[in-house]
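Quick notes on the structure that follows.
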Amino acid sequence: MLDAFGQPQSIVVLGGTSDIAAAVVDRLCAHRCRTVVLAGRDAGRLASARDRAATAGADRVAEVACDALDVRGAPDVVDRCFDAAGGDVDVVLVAMGVLSGRENELDAGHAADVAAATYAWPVAAVTRAAARLRDQGYGRIVVLSSVAGVRVRRANFVYGSAKAGLDAFALGLNEALEGTGVSVQVVRPGFVRTKMTAGLQAAPFATTAGAVADQVVAGLGTAAPVVWAPPVLRLVFGVLARLPAAAFKRLPG
Amino acid sequence: MAEPGLLTGWGRTAPTHAVSVEPGHLSDLRKLLETADGSGLIARGMGRSYGDAAQCAGGTVVRLAHLSAIGEIDEVHGTVEAEGGATLDALMRCTLRRGWFPPVTPGTRQVTLGGAVAADVHGKNHHRDGSLCRHVTALTLESPGGTFEVGPGKDPDLFWATAGGMGLTGIVSRATLQLIPVESELMVVDTDRFGDLDSVMAAMEEGDDRYRYSVAWVDCTSPGRRAGRSVLTRGDHALLEQLPVRRARALSSGIGDARLKVPRRLPAHPLNGPTIRAFNEAWYRRAPRRRHGELQPLGRFFHPLDGVADWNRLYGPRGFVQYQFAVGPDHADVVRRAVGLLSQRRLPSFLAVLKRFGPGDPGPMSFPMAGWTLALDLPVGPPALPDSLDELDTMVAEAGGRVYLAKDARLRPDLLAVMYPRSPELAAARRRVDPDGLLRSDLSRRLGID
Ligand SMILES: Cc1cc2nc3c(=O)[nH]c(=O)nc-3n(C[C@H](O)[C@H](O)[C@H](O)COP(=O)(O)OP(=O)(O)OC[C@H]3O[C@@H](n4cnc5c(N)ncnc54)[C@H](O)[C@@H]3O)c2cc1C
Ligand SMILES: NC(=O)c1ccc[n+]([C@@H]2O[C@H](COP(=O)([O-])OP(=O)(O)OC[C@H]3O[C@@H](n4cnc5c(N)ncnc54)[C@H](OP(=O)(O)O)[C@@H]3O)[C@@H](O)[C@H]2O)c1
């Protein structure tokens, strides 16, 4: 169950090998979290994420194989995750996503994969998770969105557009779930130094997986539909979102 | 009638969705229990427990609003039988005009008899009279496994597992209560103010036994040495001969408290650090240094907050937690350290309540134990609060103490068995009356009470 401070005892992570998710799991397990279910595609990385969760204090860690390119398979993955938890699921964290770049922006196959893993699969999975949590009578879904979706930029517009869609979907679903005991919270990180951004030049206000995880954990204690990481980005993007297109284009990065 | 919706406790934290049903007759209640599926079922009274004891996510919550009749008082034995949904407020109004009073009353009258049994509630007279279930002579318990008539002399294991068992052994549909005789609806009250914690605790140890009722309000928000300054109020039911002639009228059901209501639209965080600190300051200054022999209406003495309807909404949308612990008489230091910790970390607490407990009841899950209890109201919000309460848990557990489940919304689950080492007795009773484990609450799920 979630306690008075929104601290979970069990979590399902979709994208269980994500660096940000691992940092979140570390923190939750230092508090009340004991059950961790990790869904991912790579057995080796899943095994190390499992060991890390166990070290952090989880006493029931399960792995579920999933491929985010199989959009239709998403509900089944979620069901297997809930079964693996073996009881109440307090939080579902969605950390799935693939970054796009300039190098293959006209590659239709790549665009399809980015859209699938970053938007379509999470949408299907979150929809299923919402239904499971509604039947359970409570629960929190945390969706890792991105500032890349707040104002989509040339540098990663395929990814950015997928995040814009996912972000809007999550906010809409949160409204739809009002009164059910289930809520969806969107987390919008800026540039985070993780394996997703390895080799890229850091953007202003770049942060770490740990710092984002701190915001995620704090966010669990609130009903705010949107959490920014770092929080200053709320102001920054309040301005950027209103910038005329010509000026926005000239910004570095 | 089945009504789906969100439920929370009095602290308004961690809402969950359940279907509430109000059986019209006992037979409906039986049918509910017999047809219950595995999604969980729990009783709910007035929802005055602070945390998640009276809710069951995804399951069924049973309210006894229609099973709330109060029987005739047995004037010979001074007992009354009532249904589990009767409130102490209604009971008090009924019995008072006949010269009887409930043996134990918590800080609010707006609790049901069933809820009061389930928490084995204590009042300001615990140091003398113990908690409620010591004065319960018989109970009818409706459980999935059948109807059980229990009492201290009849299936005592099930009786005592129910006393403080937080609804997990079944639904109390009736209870017989031993009342105490009173001559008036007024209290004779002595009020004393103390500049620090040590002196109020010393005064309580020395003088509590001269009063039936005693409780101290402690300021935990002032910095340094002023943390712990207190107002001690102690009293007894006024005897007829103590009343001035004009007030010595016949007993009515006059309980006497103000009727105020919290406005629907509130500022975002009405009770926060600064306002709580200011309130505590004003309240301490308003109290007389010493005033003895004052006559007070019952309501003002026992239930000062009942006059303000919905006062829990004053804490704003994030709600608040109450942290109440008990430690043995040799561990008064835990009380001091708790007050110190709150003051030092500037965690605002609205009027902490300090009381001396007498010996506990035999129930394995009954909260009170001889020694001290401190109850703290803490708004959710300060980032340091969750970890600070975890630290208090550790202190309390190490001292052999425990926290009160009727107030809890965040205890570390692994400490339940430490604080309630006899919890296996509750589990054993549950296996007997609820073999399929249909009775469940968010509290039992959170703390792994099986
Ligand atoms: C302002 C205030 C002051 C308080 N002061 C005190 C105090 O001084 N001392 C003290 O001991 N407590 C105190 N309390 C706590 C309160 O007395 C208990 O939480 C009590 O259990 C609430 O009763 P309720 O009818 O509201 O039950 P609920 O809060 O609805 O339920 C509490 C528990 O009782 C169970 N339950 C309810 N009805 C039944 C039934 N018919 N059969 C079986 N189980 C049932 C529920 O399942 C749940 O586990 C205070 C609460 C408030 C809000
Ligand atoms: N890093 C940033 O700057 C940043 C900024 C804002 C938002 N975010 C978002 O935060 C989330 C976590 O990102 P991160 O930084 O922690 O990067 P990450 O470690 O790369 O996490 C992405 C996760 O998605 C998984 N994944 C990708 N494609 C998959 C597929 N086809 N099938 C199964 N799993 C797949 C990855 O699995 P593998 O480990 O197997 O690759 C990994 O678990 C993502 O949603 C990301 O978009 C990141």
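Numbers restart at 1 for each chain; the letters A, B, ... are given by sequence-line order, proteins then strands.
Using bins of under 30°, 30° to 60° and over 60° for the plane-to-plane angle, the ring pair B:Tyr315/B:Phe350 lands in the perpendicular bin. Ring geometry for B:Trp10 against B:Trp311 counts as perpendicular: the plane angle is over 60°, on a 0 to 90° scale with 30° as the lower cut.
Residues of residues 180-190 of chain A lying under 4.5 angstrom from chain B, judged on non-hydrogen atoms, are A:Thr180, A:Gly181 by number.
Of the listed residues (B:Thr13, B:Thr8, B:Leu443, B:Leu7), the one with the most heavy-atom contacts under 4.5 Å to chain A is B:Thr13.
Here the side chain of B:Tyr323 pairs no donor or acceptor atom with the backbone of B:Leu374 at under 3.5 angstrom. At least one donor-acceptor pair closer than 3.5 Å links the side chain of A:Ser10 to the backbone N or O of A:Asp88.
In this structure, no portion of B:Asp414 lies under 4.5 Å from any heavy atom of chain A. Using a 4.5 Å cut-off between heavy atoms, B:Leu378 does not touch chain A at all. If you measure heavy-atom distances from B:Leu411 to chain A, the contacts under 4.5 Å come from the backbone alone. Using a 4.5 Å cut-off between heavy atoms, B:Asp387 touches chain A through its side chain atoms alone. Looking at B:Pro15, the atoms closer than 4.5 Å to chain A (heavy atoms on both sides) all sit in the backbone: N, CA, C or O.
B:Gln324 and B:Thr373 share a donor-acceptor pair across their side chains, judged by distance under 3.5 Å alone. B:Thr108 and B:Arg48 are not linked by any side-chain donor-acceptor pair at a separation below 3.5 angstrom, with hydrogens and angles left out of the test.
Minimum heavy-atom separation, A:Thr207 to A:Ala229: CG2-O, 4.3 Å.
You'll find the side chain of A:His31 stays beyond 4.5 Å of the side chain of A:Asp3, heavy atoms only.
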